[in-house]
Each structure stands twice: as C-alpha cells, then as structure tokens.
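This one's a predicted model, so the numbers in the text were calculated from it and none came from an experiment. Hydrogens, waters and symmetry mates are skipped; everything else that's a heavy atom, side chains included, is used. In what follows, chains are A, B, ... by sequence order, proteins preceding strands, each numbered from 1.
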2 protein chains.
Amino acid sequence: MSIDGQLPPKARLLRAAAELLANSGGSAVSTRQITQLAGVTAPTLYHHFGDKEGLFDAVVAAGFDEYVAGERDFAPSGQPLEDIRRMWDNHVQFGLKQPELYLVMFGNIRPESRPAIVADAEALMEEMLNKAAVSGQLNVPPREAARSILAANVGVTLMLIAEKAPERNLELSAMTRDAMVFAVSTEQARNNGSVDSGESSVVVAAIALNAALQASHSDQLSSSELKLFLEWLHRISNSSTS
Amino acid sequence: MSIDGQLPPKARLLRAAAELLANSGGSAVSTRQITQLAGVTAPTLYHHFGDKEGLFDAVVAAGFDEYVAGERDFAPSGQPLEDIRRMWDNHVQFGLKQPELYLVMFGNIRPESRPAIVADAEALMEEMLNKAAVSGQLNVPPREAARSILAANVGVTLMLIAEKAPERNLELSAMTRDAMVFAVSTEQARNNGSVDSGESSVVVAAIALNAALQASHSDQLSSSELKLFLEWLHRISNSSTS
DNA sequence: GTAGTTCATATAGCGTTGCTATAGGTGCTA
DNA sequence: TAGCACCTATAGCAACGCTATATGAACTAC
C-alpha cells in the first residue's frame, strides 16, 4: 500500500497526492496520508512544496496540463462557436471524471483570492472566442464572453458534481451551454423578424396542444381518457386566462 | 470582546458564529473562536448543534431566511421573467454583501452531497418560473429552467466573489442573467428559423399546461388520471425537444 | 584525500483543530 | 424532599498542518 518504484520522493509525493485526491470520496486529504502513501516523512513534503497548498497547486498544474490537452485535442472545426461548445463539454466531462481534482481546481473559492487556474482557463476560452470574433460571430468582446461562459460552465459543473451520480442530467449542461453561446453570438441578430404568436397564453397553448393531440399520437390514450383530457383542457383554457 | 446579554447560550453561539463567519476574511473559523466569543465551552456547542457543520447549517438557515425575504420582498411585477431577473440580481447581491456566509451556503461543494439549501433555492426559483410557464412564456420545463438558471447564477456569483472587490464587473452578471432568461423564454424567435411553428408551440403548450395542472391541484381529476396525463404531457414536451 | 558546502531526508514535537467521556449544577414536577 | 431532565464545565483524546534540529549523501575546492 505504498507508491514505490525508483521514482524520486518529489514525484512520489505528487503521485500519492493525486491518487488520494482522486479517491478521497469528498473527505479531506491529510498530509500524513500523503506522506505515508508516498513513503516519505513530513519534512520532505515541505522541503519540496513549501506547504500543503503548494503540493496541491503542483497536482493542479499537472491536472491542468491534462485539462488543456483535452481542450486543445480536437482539431479546430473551422466553426469557432462549435469549438466553444466542445470546450464546454470537455470542461464538464473533466469535472465529472475527476471531481475531487476539479474541486481543488475550481471549487476552492475564497473571497478576493482568485485561483491562478481560473485565469488560465479564461485565457484558453478567450483565445478560442477570439477566432469567433475575427470572423464576426461575436457580439460582445471575447474577454467578457469568456468570463461569462466560464462562470456558467463552472457553475453547471459544480452543480452536477454535487448531485448524486445516477441523477446527473447532462441536459442541464447542454441547455446552459447553448444559452450562453447563443447569447454571445451574432446568430440572435435575426430574432427581430416575425415572431409567430409571440405571447402564447394558456389558451393558445391549450388550443395548440388540443390540435396536436387530435392530429397525432392519439393512440397513446384510450378514447375515454382522451375525451376527459380534452374536457379538462377546455376547462383550463377558460379558467386561467390570467 | 464577547457576546453577552441575557441571550441563552444557543442564541449566543449562533450570533457568534455568524459574526465570525462574516468577518473571517476567508480564513477558517474554529469552534474555539466561536465558543470563546459566545462565552461558553465546547460541549455546549455540541449539545445544541451536534457538530460544527450543524452550527453552520443553523447559521445558514437564518441566512437563508434573509435570502428568501430578499427574494420575496419585491412585489410581483406581473412579469414573471422580470421577476426572475430580479431574483438573479438579488442572489448576486446577497453573495457579494456576505461572501463568507454565501460560500458556506453555496460554495461548500462536495461530490454527491448536495446542500439542502440549493434545493430550497431551486424550489424558490422554480416557483417563480412556474408563473412564467402558466402564461406560456417558458419554452422549457420550469424545473429544468430553474436548475439551469440557478447553476449559472451561482457560478457567476462565485466568480465575482473570487475577484478582488474593485475589479468586480457586474456586467458579467447582467449579461449572463439575460442570456439565461432569454434562453428559457419564448421571447426568442424560433431558434434557427427553420423549426416549424407547430412543433414548438406544442412544446410550449405542454409546458404551460403541465405548470397549470400542478399549480391548480384541482380535484377535478382523480390522482391516477392526473398522473397519467402529466406523464403523457411530459413525454410530449420531451420528445419534441430531443 | 580531506574539508566545506549544499541538497535531501528523518526524528521528534509544537500548537491548533474538531470532538467527547464524564461529572456537576440547575430547575422542574411529584 | 426526591427524582428527573436538561444544560453546562473540566479535562483530555486523536488528528491536523507544520517546523526546529539533526543526519546522511553528493559534489566542489584545494
């Protein structure tokens, strides 16, 4: 139960810290656990990394290399906005695959102290957004767009990590992602055109659904149930005109 | 340098914890600091609150009451989506005004363990979104919309807290907020202009009816029938989007 | 080849942390 | 007055992050 091999103590400490961090299951990781697993004693840790945070920073740096590698891995699709979406998804996947490491990287928030890694991630996204801006696909400055998108990206990832694995719904991510990308893009410029029935009330909704029900899918309900259902819809359309 | 008065020890502990939390400046707050400021000894804390986290939960509960009060304070404007924007802004302001408390409430993230307060905040937002859904202003189910908006809202607030106060740019918040509200609303022209109006209006209709049904907990349908209808509505609203 | 210097690791322990086993005091009801 | 439930204090445990000090190993200087 120790990390051996001919690796020097510094590397063993890094590996031990990363491993414990990955398997800690949410509970804190102590320097004693790390040093024991690495097969060294406490002063060795402090000699090489200064303090616990220094060691974690080093682990994070390695993790960030992996993160960046993932973010750059795919070939640019020629559609910068599509690449942004892939960056987003990659970010979420990274967080879900290594939640403990992710939390050290992005979840260790304290007032007025910004982890360096956030700035790096922002720069990475800004770089990509720059390409979109060059081709006129951005309607806000790349820096602001990057900050905004990354904030939402981190928020969604943290929210997903906090949920129990079987309940995680990636639709949350996709929806938020598309909302953010859409918001900073010039695609929305075309939205001034005609909006069909812009304010759809319950009445309109009920009528539309009513029509849709009769037009198709009617085999999913028995006729009596359908009749009752339509009557119910009718009642709603009349009652809640507020 | 102690919280006196005739307050009982439990209240003094709460007050001391809240005060230390508010002024800790990011560093951790120890039980010894709290008990000393409250003028009691350690076992008193554990008698009343179980453990440190229990005490913090109690502080958070009080903080959440304040948070909810802020969220409900303004009169409904009659425009649910505008109310959602105000909820967003209130959330951010709450976080910036009491960053330490906010971090305990929303920033204390651990894998697979969701703070109860997140669910409460989500419910609060879902309630408001339900009103939007009833009047057909939502193009996604209120629950998903609430989750998505809240995730982005927390992400933005955390990001702002992490920044140094003079550098905080609230434009980040406003921009992300509008992007999210816009994304879940029917204000937008149909996404790519290519979607036929029929399908999307069925989605809107299903969502609006779903919200209306749940809001009016009526006795006009038996629970089993209602359950069946809701399930079917859910199927419709999902099948059209995927 | 020996002395000096530097780097790397170990021994041992400090101060603080969250928490608790145990006991004593206080006020109520019977 | 006896008993009981509630509340609080004394004292201390194990674990934490971290360090003063010492020892060994490797390299350079003469």
Rounded interatomic separation in angstrom, taking [atom1] from [X] and [atom2] from [N]:
X: Leu13(B); N: dC19(C); atom1: CG; atom2: P; value: 13 Å
X: Leu45(A); N: dC7(C); atom1: CG; atom2: P; value: 19 Å
X: Gln33(B); N: dG15(C); atom1: CD; atom2: C1'; value: 14 Å

**Q.** Within residues 52-61 of chain B, residues whose heavy atoms come under 4.0 Å of DNA chain D
**A.**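 Under 4.0 Å from DNA chain D: no residue of residues 52-61 of chain B.
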Q | Residues touching DNA chain D, which here means a heavy atom under 4.0 Å, drawn from residues 106-115 of chain B | A |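 Residues of residues 106-115 of chain B that come under 4.0 Å of DNA chain D do not exist, since none gets that close.
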Q: Name the first nucleotide and the last nucleotide along DNA chain D (5' to 3') that come under 4.0 Å of a heavy atom in chain A.
A: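 Here the contact window of chain A covers dC16(D) to dA20(D).
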Quick one: list whatever passes salt bridge (Lys or Arg N to Asp or Glu O under 4.0 Å) with [X], sequence neighbours left out.
X: Asp120(A); answer: none
X: Glu122(A); answer: Arg114(A)
X: Asp178(A); answer: Arg85(A)

Tabulate atom names and distances for all N/O pairs under 3.5 angstrom spanning the protein and nucleotides 20-22 of chain C.
none

Donor-acceptor pairs under 3.5 angstrom involving side-chain atoms of residues 163-172 of chain A: please list them, not counting sequence neighbours.
{"from": "Glu163(A)", "atom 1": "OE2", "to": "Arg147(B)", "atom 2": "NH1", "distance (Å)": "2.3"}
{"from": "Glu163(A)", "atom 1": "OE2", "to": "Arg147(B)", "atom 2": "NH2", "distance (Å)": "3.2"}
{"from": "Arg168(A)", "atom 1": "NE", "to": "Leu160(A)", "atom 2": "O", "distance (Å)": "2.7"}
{"from": "Arg168(A)", "atom 1": "NE", "to": "Glu163(A)", "atom 2": "O", "distance (Å)": "3.3"}
{"from": "Arg168(A)", "atom 1": "NH2", "to": "Ile161(A)", "atom 2": "O", "distance (Å)": "3.3"}
{"from": "Arg168(A)", "atom 1": "NH2", "to": "Glu163(A)", "atom 2": "O", "distance (Å)": "3.4"}
{"from": "Asn169(A)", "atom 1": "OD1", "to": "Glu171(A)", "atom 2": "N", "distance (Å)": "2.9"}

Q: Would you list the pairs meeting side chain to side chain donor-acceptor pair (under 3.5 Å) in which at least one residue belongs to residues 61-70 of chain A, sequence neighbours left out?
A: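 Those involving residues 61-70 of chain A are Tyr67(A)-Glu71(A), Tyr67(A)-His91(A).
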Q: May I ask you to verify if any side-chain N or O of His47(A) is less than 4.0 angstrom from the OP1 or OP2 atom of dA10(C)?
A: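 Negative; the distance criterion is not met.
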Q: Considering only NZ, NE, NH1 and NH2 on the basic side and carboxylate oxygens on the acidic side, decide whether Arg86(B) and Asp89(B) come within less than 4.0 Å.
A: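 Asp89(B) and Arg86(B): not salt-bridged.
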(Q) Set out, in order, the CA-CA distance, both residues' side-chain angles and the distance that settles side-chain contact (heavy atoms from CB on, under 4.5 Å) for Lys52(A) and Leu45(A), then state yes or no. (A) CA-CA 8 Å; Lys52(A) 186 186 186 181; Leu45(A) 189 162; 5.5 Å; no
Separation of [Y] [atom2] from [X] [atom1] (nearest 0.5 Å):
X: Leu37(B); Y: Leu20(B); atom1: CG; atom2: CG; value: 5.0 Å
X: Ile149(A); Y: Arg177(A); atom1: CD1; atom2: CZ; value: 11.5 Å
X: Thr157(B); Y: Leu103(B); atom1: OG1; atom2: CG; value: 10.0 Å

**Q.** Test side-chain contact (heavy atoms from CB on, under 4.5 Å) applied to Asp83(A) and Gln79(A), step by step
**A.** CA-CA 6 Å; Asp83(A) 288 343; Gln79(A) 299 176 329; 5.9 Å; no
Q: Enumerate, in order of first residue number, the stems that involve DNA chain D, defined as 3 or more consecutive Watson-Crick or G-U wobble pairs with both distances under 3.5 Å.
A: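 If one scans DNA chain D for consecutive Watson-Crick or G-U pairs, the stems found are C:1-30 with D:1-30.
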Q: Identify, with sequence neighbours excluded, every residue that meets side-chain contact (heavy atoms from CB on, under 4.5 Å) alongside Ala132(B).
A: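 For Ala132(B), the residues satisfying side-chain contact (heavy atoms from CB on, under 4.5 Å) (neighbours in sequence not counted) are Pro80(B), Leu81(B), Gln137(B), Leu138(B).
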Q. So, the side chain of Ser148(A) versus the backbone of Glu144(A): is there a donor-acceptor pair under 3.5 Å, distance only?
A.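 Checked: no pair found.
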Q. Of Leu13(B), Val104(B), Leu101(B), which is the lone residue that meets side-chain contact (heavy atoms from CB on, under 4.5 Å) with Val59(B)?
A.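 By the side-chain contact (heavy atoms from CB on, under 4.5 Å) criterion, Val59(B) pairs with just one of Leu13(B), Val104(B), Leu101(B): Leu101(B).
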Q: Would you classify Ser30(A) as touching base, sugar-phosphate or nothing, given that sugar-phosphate means primed atoms plus P, OP1 and OP2, and contacts are heavy atoms under 4.0 Å?
A: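 Answer is sugar-phosphate: Ser30(A) comes under 4.0 Å of backbone atoms only.
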Under 3.5 Å, sequence neighbours excluded: what are the donor-acceptor pairs made by side chains of residues 25-35 of chain B?
{"from": "Ser27(B)", "atom 1": "OG", "to": "Ser24(B)", "atom 2": "O", "distance (Å)": "3.0"}
{"from": "Ser30(B)", "atom 1": "OG", "to": "Gln33(B)", "atom 2": "N", "distance (Å)": "3.1"}
{"from": "Thr35(B)", "atom 1": "OG1", "to": "Thr31(B)", "atom 2": "O", "distance (Å)": "3.0"}
{"from": "Thr35(B)", "atom 1": "OG1", "to": "Arg32(B)", "atom 2": "O", "distance (Å)": "3.1"}

